[in-house]
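Accompanying notes for the structure given below.
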Amino acid sequence: MDIAFIGLGNMGSGMAANLVKAAHSVRAFDLNADAVDRAVAAGATKAASLADACRDAGAVVTMLPAGQHVRAVYAEVFTIAPSSALLIDCSTIDVDTARAVEADAVNKGFAMVDAPVSGGVAAATAGTLTFMVGGSDDGFVRAEPVLSAMGKAVIHAGGAGAGQAAKICNNMLLAITMIGTCEAFGLAEKLGLDHQVFFDIASKASGQSWSLTSYCPVPGPVPASPANRDYQPGFAAALMLKDLTLAMQAAQITEADTPLGAKAHALYDALCAQGHAAQDFSYMMERIRRGA
Ligand code: NAD
């Protein structure tokens with residue numbers, strides 16, 4: 001299929017390369033010329049402009065920083081792409097913007113889905129992302145084969161915006177379990193418990209979670225976790241703060257009671273303000289150890 005890929009940053013570059021590997025013809029556009037050059041090195045065709053990328057496309061895939069970029073890009077895509085093109089936004093953005101852009105797309109005769117991802121840069125490169133898809137049944141059926149080339153799981157979460165809703169709820173839960181895991185290790189240290197011993201017990205007991213068993217925030221028990229490489233991401237604290245901000249906006253709009261989500265947001269806000277935005281989100285361990 002002819003696919004326009006817009007936004008070839010940390011995530012989009014690996015995703016576009018996997019579409020190329022799956023024998024799609026990818027036309028790459030990014031405001032950053034270096035990002036386009038990297039995509040071309042991976043087998044994509046350089047597009048000189050957004051219009052150049054979208055002309056005659058069978059699908060348009062976007063992987064952009066935030067809601068305002070998604071609004072701006074699609075306002076232009078609607079005027080350029082053939083209405084037969086399937087529109088797939090993989091960026092993490094707020095639910096209301098996703099719904100508004102998708103409603104606009106439908107009004108203009110396009111099928112569109114929101115398809116944010118779980119998994120970081122390594123999963124984008126390896127083609128093992130999990131996609132949470134919001135949109136019509138028909139949109140999902142059309143998007144599934146395209147997304148499968150970039151991921152290991154593609155799940156239909158519901159109507160427009162449901163992918164974004166699932167993403168921010170999941171990441172709020174992830175932040176809370178990570179902070180809880182850091183607190184448990186912090187208390188275990190003060191009580192003289194060995195990290196590995198506490199890990200061996202908690203990972204087989206009711207304190208078990210992904211934050212503990214796959215992403216342990218202290219060095220040692222899980223060799224692949226960022227704690228073993230000076231907390232290089234992985235998933236940067238700044239991105240966790242972004243997702244928690246989206247979750248708190250959604251909680252305010254829907255009047256959902258999320259006291260632990262609010263506390264997690266405040267803690268990640270403080271961690272980033274202390275200069276640790278670029279470190280992995282499990283660096284929360286150091287803040288909890290310091291007590292501030
Ligand atoms: P990034 O900043 O590395 O890449 C975004 C790219 O979009 C940049 O290359 C930028 O030049 C380009 N861009 C911005 N505006 C544009 C426009 N108008 N036209 C064309 N290109 C434009 O960001 P990223 O880390 O790749 O993240 C992308 C999205 O994925 C974000 O929404 C992020 O929250 C989400 N996400 C990131 C991760 C991660 O680990 N990095 C994990 C899951 C989800």
Side-chain angles (χ1 to χ4, degrees), residues 4-18 26-40 42 44 46-54 57 60-81 87-95 97-98 101 114-133 147 150-153 163-164 166-172 174-175 215 226 231-247 249 268 272 277-282:
F5 202 111
I6 318 300
L8 299 146
N10 293 321
M11 296 292 289
S13 54
M15 293 164 70
N18 283 318
V26 176
R27 292 178 70 80
F29 178 68
D30 195 295
L31 296 178
N32 179 339
D34 292 343
V36 176
D37 289 344
R38 275 195 301 276
V40 170
K46 178 177 181 162
S49 63
L50 187 55
D52 188 26
C54 293
V60 177
V61 179
T62 45
M63 193 54 167
L64 297 163
Q68 76 260 28
H69 308 97
V70 171
R71 275 185 195 273
V73 165
Y74 279 101
E76 204 178 329
V77 168
F78 294 151
T79 67
I80 310 157
L87 311 181
I88 305 176
D89 179 37
C90 296
S91 327
T92 301
I93 63 170
D94 62 285
V95 176
T97 296
V101 174
D114 52 293
V117 305
S118 175
V121 176
T125 306
T128 56
L129 294 166
T130 293
F131 289 91
M132 298 157 247
V133 185
L147 297 175
M150 302 183 280
K152 66 173 176 2
Q164 300 295 350
K167 163 86 186 179
I168 57 172
C169 292
N170 178 73
N171 278 18
M172 183 179 78
L174 171 62
Y215 219 82
Y231 297 94
Q232 291 309 302
F235 186 54
L239 287 169
M240 178 53 89
L241 178 60
K242 172 193 168 182
D243 293 353
L244 286 167
T245 302
L246 293 174
Q249 284 167 357
Y268 275 102
C272 291
Q279 281 176 284
D280 188 77
F281 82 110
S282 59

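Each ligand, and each atom within it, is numbered from 1 in the order the structure gives.
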Review point. Less than 4.5 Å apart, any side-chain heavy atom of V101 and any of F78?
Key: yes

Practice item. For Q164 and S91, indicate whether the former's side chain and the latter's backbone hold a donor-acceptor pair under 3.5 Å. Key: yes

**Study point:** For G120, atoms of ligand 1 separated by under 4.0 Å from a heavy atom
**Key:** 40 (O)

Review point. Protein heavy atom under 4.0 angstrom of atom 23 (O) of ligand 1, is there one?
Key: no

Review point. Which ligand 1 atoms are under 4.0 Å away from a heavy-atom of V117?
Key: 43 (C), 44 (C)

Point to revise | Closest non-hydrogen atom pair between A236 and A278, with its separation | key: CB-O, 4.2 Å

Check your understanding: Between F281 and F235, how do the two ring planes meet: parallel, tilted or perpendicular, split at 30° and 60°?
Key -> perpendicular

Point to revise | Closest candidate by heavy atom, reference atom 5 (C) of ligand 1, pool A39, P65, S91 | key: P65

Practice item. Find all atoms of ligand 1 within a distance of less than 4.0 Å from any non-hydrogen atom belonging to G7, and give their numbers and elements. Key: 7 (O)

Study note, to complete from the structure: Within 4.0 Å of some non-hydrogen atom of I6, the atoms of ligand 1 are 20 (C)

Check your understanding: Mind checking whether D30 has an N or O less than 3.5 Å away from an N or O of ligand 1?
Key -> yes

Practice item. Would you mind reporting whether L147 and C90 have side-chain heavy atoms less than 4.5 Å apart? Key: yes

Revision key, fill the gap. Any heavy atom of L239 under 4.0 Å from ligand 1? The part involved is side chain

Check your understanding: Looking at CG of L244 and CG of L241, how far apart are the two atoms once the value is rounded to the nearest 0.5 Å?
Key -> 6.5 Å

Practice item. Report the part of H69 in contact with ligand 1, treating N, CA, C, O as backbone and CB onward as side chain, heavy atoms under 4.0 Å; options are side chain, backbone, both, neither. Key: side chain

Review point. Heavy-atom contacts under 4.0 Å between K167 and ligand 1: side chain, backbone, both, or neither?
Key: side chain

Practice item. State the atoms of ligand 1, each with its element, that fall below the 4.0 Å cut-off from a heavy-atom position in V73. Key: 17 (C), 18 (N), 19 (N)

Check your understanding: Under 3.5 Å, is there a donor-acceptor pair between the T130 and K152 side chains?
Key -> yes

Study note, to complete from the structure: Under 4.0 Å from one or more heavy atoms of T92, ligand 1 contributes atoms 32 (O), 34 (O), 35 (C), 44 (C)

Review point. What do you reckon, does A72 put a non-hydrogen atom under 4.0 Å from ligand 1?
Key: no

Review point. Mind checking whether L64 has an N or O less than 3.5 Å away from an N or O of ligand 1?
Key: yes

Practice item. Identify, for atom 21 (N) of ligand 1, the protein heavy atom at the shortest distance, and state residue, atom and that distance. Key: L31 N, 3.5 Å

Review point. Among Q68, K242, M63, which residue places a heavy atom closest to atom 34 (O) of ligand 1?
Key: K242

Check your understanding: At under 4.0 Å between heavy atoms, which part of I93 makes contact with ligand 1: side chain, backbone, both or neither?
Key -> neither

Point to revise | Full working for side-chain contact (heavy atoms from CB on, under 4.5 Å) between Q68 and I93 | key: CA-CA 9 Å; Q68 76 260 28; I93 63 170; over 6 Å; no

Check your understanding: Under the 3.5 angstrom rule, does the side chain of N18 hit a backbone N or O of T125 as a donor-acceptor pair?
Key -> yes

Practice item. Using only heavy-atom distances, determine whether the side chains of D280 and Y215 contain a donor-acceptor pair under 3.5 Å. Key: yes

Practice item. Find all atoms of ligand 1 within a distance of less than 4.0 Å from any non-hydrogen atom belonging to G119, and give their numbers and elements. Key: 42 (C), 43 (C)

Check your understanding: How far is atom 3 (O) of ligand 1 from its nearest protein heavy atom, and which residue and atom is that?
Key -> N10 N, 2.9 Å

**Study point:** Name of the residue among D89, I88, V117 meeting side-chain contact (heavy atoms from CB on, under 4.5 Å) with M63
**Key:** V117

Pairs of donor and acceptor atoms involving the side chains of residues 27-35, under 3.5 Å and at least two apart or interchain, shall be tabulated with distances.
{"from": "R27", "atom 1": "NE", "to": "D52", "atom 2": "O", "distance (Å)": "3.0"}
{"from": "R27", "atom 1": "NH2", "to": "D52", "atom 2": "O", "distance (Å)": "3.3"}
{"from": "R27", "atom 1": "NH2", "to": "D52", "atom 2": "OD1", "distance (Å)": "2.7"}
{"from": "R27", "atom 1": "NH2", "to": "D52", "atom 2": "OD2", "distance (Å)": "3.4"}
{"from": "D30", "atom 1": "OD1", "to": "N32", "atom 2": "N", "distance (Å)": "2.7"}
{"from": "D30", "atom 1": "OD2", "to": "L8", "atom 2": "N", "distance (Å)": "2.7"}
{"from": "N32", "atom 1": "OD1", "to": "D34", "atom 2": "N", "distance (Å)": "2.8"}
{"from": "N32", "atom 1": "OD1", "to": "A35", "atom 2": "N", "distance (Å)": "3.4"}

**Study point:** Those atoms of ligand 1 less than 4.0 Å from some heavy atom in G9
**Key:** 3 (O), 4 (O), 6 (C), 9 (O), 26 (O)

Point to revise | Side-chain (K167) to main-chain (D243) donor-acceptor, under 3.5 angstrom | key: no

Practice item. Measure the distance from atom 26 (O) of ligand 1 to every protein heavy atom, then report the residue, atom name and distance (to 0.1 Å) of the closest one. Key: M11 N, 2.9 Å

Practice item. Run the contact test for S118 against ligand 1 with a 4.0 Å cut-off on heavy atoms, strictly below, and give the result. Key: no

